[in-house]
Protein chains: 2
Amino acid sequence: METRLREHGLRITPQRLAVAELMLAEPVHLSPQQVYEQLRSRLPSLSPNTIYLTLDHFEKAGLLRRIHVGGRTVFDSRTERHDHACCRRCGLIQDLPASSVEHAPLTIRRWRIDAESRVFSGLCPACLEREG
Amino acid sequence: METRLREHGLRITPQRLAVAELMLAEPVHLSPQQVYEQLRSRLPSLSPNTIYLTLDHFEKAGLLRRIHVGGRTVFDSRTERHDHACCRRCGLIQDLPASSVEHAPLTIRRWRIDAESRVFSGLCPACLEREG
DNA sequence: CCTCCTTTTAGTAATTAATCCTAAAAGGAA
DNA sequence: TTCCTTTTAGGATTAATTACTAAAAGGAGG
């Protein structure tokens, strides 16, 4: 795990190793608060601020992807392109391979889906004009 | 406009009429704060709380749709199914008819799109089991 | 046009998420 | 080991949203 962080240009600290083991060992979707709660028993002096900074660094390094789902911000350990299903009652987030929802997404893997949101992001024509 | 609100089971108040004129007359994407800022000159005693409550009521009545775009919460006056493009620099949100982005969405209407997020929401299998 | 019940509103307080700031601590190359 | 740079903890700060409550207003029925 150390080598993986080093390969992405990140310094090694106990805090970062803990975050990496939690976030990168298997596919998860966790909010910064959830990460903080899960790690504070192991690192009692840990600060929430450190979690925010660490997740930002991991995102910039390409190790994590920040996603906005149902009004919450969570970090996803799978960075390749895929969709998500989100339960509006319990908040569960599940990965969906892009191919699984090409048509008629009203029932997906035993979910009852009643809404789909698709957002494309980038630069609008005006900002492109201004800054290339 | 009054009749439209009444048809949706909503009581008429000056605050609601002001919100309705701002949000329902033409297609807009506004956050609660933006709605509040735009109306407080007309209704000096207006409270932000009222905006939140009113937008909630309008959403429940089917007059508005709440969308989460780029980490922000905005209300969309178009309730039929469509996608959005969001500029990560200036925050502009543009409607996209669903048909316009079926394939190769990397360039849409002179935007430079570099990310797509698709979220399906509803009830997960566990919650379905529990509550039908 | 009254009356009365229910809903809505304003205002304040409380919560929550996220960022800013600074000094101390730690990483790691030479 | 030394020294420079990055990272961390902690508190302060900002912003978004919800909770609470008493007062005000809507509107149905007389």
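Naming convention: chains lettered A, B, ... in sequence-line order (proteins, then strands); numbering from 1 in each chain.
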**Asked** At under 4.0 Å between heavy atoms, what does A:Arg6 touch on the DNA or RNA strands: base, sugar-phosphate, or nothing?
**Response** sugar-phosphate
**Message:** At a heavy-atom distance below 4.0 Å, which nucleotide of DNA chain C is the first touched by chain B, and which is the last?
**Reply:** C:dT6 to C:dG11
**Asked** Which residues pass the salt bridge (charged side-chain N to carboxylate O under 4.0 Å, His left out) test with A:Arg72, sequence neighbours left out?
**Response** none
**Request:** Indicate for each nucleotide in nucleotides 8-16 of chain D, in 5' to 3' sequence, whether protein heavy atoms under 4.0 Å reach the base (B), only the sugar-phosphate (S), or nothing (-).
**Result:** BBB-----S
**Request:** For A:Glu26, enumerate each residue passing the salt bridge (charged side-chain N to carboxylate O under 4.0 Å, His left out) test, keeping only those at least two apart in sequence or located in another chain.
**Result:** none
**Request:** Please tell me which of A:Arg11 and B:Pro32 maps to the more 5' nucleotide of DNA chain D, matching each residue to the nucleotide holding its nearest heavy atom.
**Result:** A:Arg11
**Message:** For A:Leu10 and B:Gly9, find the nucleotide of DNA chain C closest to each by heavy atoms; which residue's nucleotide sits nearer the 5' end?
**Reply:** B:Gly9
**Prompt:** Quick one: do B:Phe58 and B:Leu43 end up in the same hydrophobic cluster if we chain Ile, Leu, Val, Met, Phe, Trp and Tyr together by side-chain heavy atoms under 4.5 Å apart?
**Reply:** yes
**Message:** Do A:Met23 and A:Phe75 make a side-chain contact, defined as non-hydrogen atoms from C-beta onward lying under 4.5 Å apart?
**Reply:** yes
**Prompt:** With no hydrogens and no angle check, do the side chains of A:Arg16 and A:His57 hold a donor and an acceptor under 3.5 Å apart?
**Reply:** yes
**Asked** Is any side-chain heavy atom of A:Ser31 less than 4.5 Å from a side-chain heavy atom of A:Thr73?
**Response** no
**Prompt:** Partners of A:His29 by ring-ring contact (aromatic ring centres under 6.0 Å, His included), sequence neighbours excluded?
**Reply:** A:His84
**Asked** Does A:Glu80 have any salt bridge (charged side-chain N to carboxylate O under 4.0 Å, His left out) partners at least two apart in sequence or in another chain, and if so, which?
**Response** A:Arg78
